[in-house]
2 protein chains.
Amino acid sequence: MDVYNTIRNNIIQGKYQPGMRLTEENLAQELSLSRTPIREAINQLKSEGLIVPLKRGVSVRDFSKEDIRQIYDLRTLLEGYSAAQAALHRTEEDLLKIRSAYNLYEDAIDTYVKNDFSHIIKIVEMNQQFHEAIINASKNEHIHFHISKVVVVPIVFRSFYWYSEEKLRRSLDYHKIILEAIINQDTERARIAMHEHIFQGRDQVLLHFHELKTMKE
Amino acid sequence: MDVYNTIRNNIIQGKYQPGMRLTEENLAQELSLSRTPIREAINQLKSEGLIVPLKRGVSVRDFSKEDIRQIYDLRTLLEGYSAAQAALHRTEEDLLKIRSAYNLYEDAIDTYVKNDFSHIIKIVEMNQQFHEAIINASKNEHIHFHISKVVVVPIVFRSFYWYSEEKLRRSLDYHKIILEAIINQDTERARIAMHEHIFQGRDQVLLHFHELKTMKE
DNA sequence: TCTTATATCTTTGTATACAATAAATCAACA
DNA sequence: TGTTGATTTATTGTATACAAAGATATAAGA
């Protein structure tokens, strides 16, 4: 894995906690590299908003509840649009991929509820894959480019640990509604279902905001 | 001006033409700097999509009509939303700034049509300032963060050279409608007017696409 | 002449050294 | 003791050197 992803993962997985100060030299020593490649990774993370510049060094960004609201508003807007566009432009190949992602998500949930709690990671991945497939089907390269740059809030990844079986099933239901709307080329239904689905995720994060922040993974 | 903005301006102003290959060494010599700061600027421009990686070096991105359509779709979505949010959340101070930007845009157009054609630059600036003021009033820091990163298409800057007086007046009319909708907190009117306004800009760019591409500024 | 292997040249990626600057420490003085 | 100025230290910004990887040119053999 490259330097950028190494540092990014350390932030997302809570190894580098919010507010923690990072310097080029420290990171370089930790990763046994020179400052040059570290600088490049830091610059990228800065431009993505995951770390904020300090007078000296940088610090891991500490997101507030208001940040979560704003970021989810944005995500709702962009992904709602991409679902609508996917309903409009999807090919048979797109449908195959979306359906496959849907099934894998269902499998992951089934395995999880059968007491294999390690499968939560798989659930996160398969959920992402479903959303990815829809963004691809929307045939707007630039929306894709943008959503991929929407600020990643570390705690969102951890929020899945607080999903009950019931909530996971409801999440799956939404995937189904979205999938069917895209099949039927019902743009507005796709958009609205995607909106509700993303707001469901937002509510989950906001509800457990404080536990998520202190959680060390 | 820093390295990033120097290179960016050279691309926007057509000094580095679409498809042109740039290498770190060349740029370093041209700007009398070492490769290190050049690399940082290039990385940023790459992540913004203004230049694309080559096997060796990078090349200035050549945008297609389809790119223009997709980017404007995105801009419509984001700025339409920000106009609606501005209508909802604007303070008196926001209104003052938006109104002031509106007036300056009107002044710039007036000066321009009185045969001072050099004022086209001012028109571009004042138009941007109006949009900025609305984004600020929308009170979503993250939308702001994003719109500022929406891919800048070089030729959009030049498209103003093809605006007739009538089209400029129509653009101003839209600003007025948007301003009033925000004053009256009419979210949907603000959103729709912003949509139409941005599509007007898109049509202008698409209409003159070929002239704009060969134009050297 | 055409193909393939070798050498050469270009260009990027990484390490390191040094310069510039801001922060922290310490000392001198009121 | 508290305040100011000088000194040291920490950290970033820039330059340069060298290693690694690709591309291009060259030469040898079929």
Side-chain angles (χ1 to χ4, degrees), chain A residues 1-63 141 145 148-149 151-152 154, chain B residues 1-63 141 145 148-149 151-152 154:
Chain A
M1 193 162 40
D2 62 11
V3 189
Y4 163 76
N5 279 298
T6 305
I7 299 176
R8 188 171 179 275
N9 279 357
N10 284 344
I11 294 173
I12 289 169
Q13 292 174 12
K15 180 168 174 191
Y16 304 150
Q17 293 268 312
M20 180 173 173
R21 177 162 172 263
L22 303 172
T23 63
E24 297 175 3
E25 194 61 52
N26 292 156
L27 288 168
Q29 291 202 332
E30 188 180 334
L31 308 182
S32 310
L33 281 167
S34 76
R35 279 174 49 217
T36 315
I38 303 286
R39 276 178 78 81
E40 303 210 338
I42 284 186
N43 281 336
Q44 202 173 335
L45 292 162
K46 242 189 272 184
S47 81
E48 288 169 5
L50 252 165
I51 58 182
V52 291
L54 252 41
K55 286 147 275 191
R56 238 76 193 292
V58 294
S59 78
V60 177
R61 177 152 186 183
D62 190 7
F63 290 94
E141 192 197 326
F145 180 88
S148 72
K149 288 195 166 33
V151 181
V152 171
Chain B
M1 193 161 43
D2 62 10
V3 190
Y4 163 75
N5 279 298
T6 306
I7 299 177
R8 187 171 180 274
N9 279 356
N10 284 344
I11 293 172
I12 289 169
Q13 293 172 12
K15 181 170 173 188
Y16 305 149
Q17 294 269 311
M20 181 173 172
R21 177 163 173 263
L22 303 172
T23 64
E24 295 175 5
E25 194 60 52
N26 293 155
L27 288 169
Q29 292 203 330
E30 188 181 333
L31 308 182
S32 310
L33 281 167
S34 76
R35 276 173 51 217
T36 316
I38 303 287
R39 274 179 78 82
E40 303 209 339
I42 283 185
N43 281 337
Q44 201 172 335
L45 292 162
K46 241 190 272 184
S47 81
E48 290 169 3
L50 251 160
I51 57 181
V52 291
L54 252 41
K55 292 143 274 192
R56 236 78 188 293
V58 294
S59 78
V60 178
R61 177 153 185 184
D62 191 7
F63 290 93
E141 192 198 326
F145 181 87
S148 74
K149 287 196 166 30
V151 181
V152 171

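Just so it is clear: chains get the letters A, B, ... in the order the sequence lines come, proteins before strands, and each one is counted from 1. For clarity, every value in this text was computed on a predicted model and none was experimentally measured.
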Any chance you could list the contact pattern along nucleotides 13-19 of chain D? Use B for base contacts, S for sugar-phosphate-only contacts and - for none, protein heavy atoms under 4.0 Å, 5' to 3'.
BBBBB--
What residue pairs, at least two apart or across chains, pass salt bridge (charged side-chain N to carboxylate O under 4.0 Å, His left out) with a residue in residues 43-54 of chain B?
none
Set of side-chain hydrogen bond (donor to acceptor under 3.5 Å, both in side chains) partners for A/Glu30, sequence neighbours left out:
A/Lys15, A/Tyr16
Contacts of A/Asn9 meeting side-chain hydrogen bond (donor to acceptor under 3.5 Å, both in side chains) (sequence neighbours excluded), chain-then-number -> none
My understanding is that only residues two or more places apart in sequence, or in another chain, count here; which of them pass salt bridge (Lys or Arg N to Asp or Glu O under 4.0 Å) with [X]?
{"X": "A/Glu25", "value": "none"}
{"X": "A/Glu24", "value": "A/Arg35, A/Arg39"}
{"X": "B/Glu141", "value": "A/Arg61"}

Under 3.5 Å, which protein N or O atoms sit close to an N or O of nucleotides 24-26 of chain C? Give each pair with its distance.
none

Does some side-chain heavy atom of A/Val60 sit less than 4.5 Å from a side-chain heavy atom of A/Gln17?
no
If you define the side chain from C-beta out and look only at heavy atoms, does anything of A/Arg8 sit under 4.5 Å from A/Leu50?
yes
What is the distance, rounded to the nearest whole Å, between atom [atom1] of [X] and atom [atom2] of [N]?
{"X": "A/Arg21", "N": "C/dA22", "atom1": "CZ", "atom2": "P", "value": "15 Å"}
{"X": "B/Leu54", "N": "D/dG22", "atom1": "CG", "atom2": "P", "value": "15 Å"}
{"X": "B/Glu25", "N": "C/dT12", "atom1": "CD", "atom2": "C1'", "value": "11 Å"}
{"X": "B/Ile38", "N": "C/dG13", "atom1": "CD1", "atom2": "P", "value": "14 Å"}

At a heavy-atom distance below 4.0 Å, what parts of residues 55-62 of chain B sit against DNA chain C?
B/Arg56, B/Gly57
Taking side chain to side chain contact (heavy atoms under 4.5 Å, CB included) as the test, write out the residues that go with A/Thr36, two or more places apart.
A/Ser34
Mind checking what makes side chain to side chain contact (heavy atoms under 4.5 Å, CB included) contact with A/Arg21, not counting sequence neighbours?
A/Thr23, A/Leu54, A/Arg56
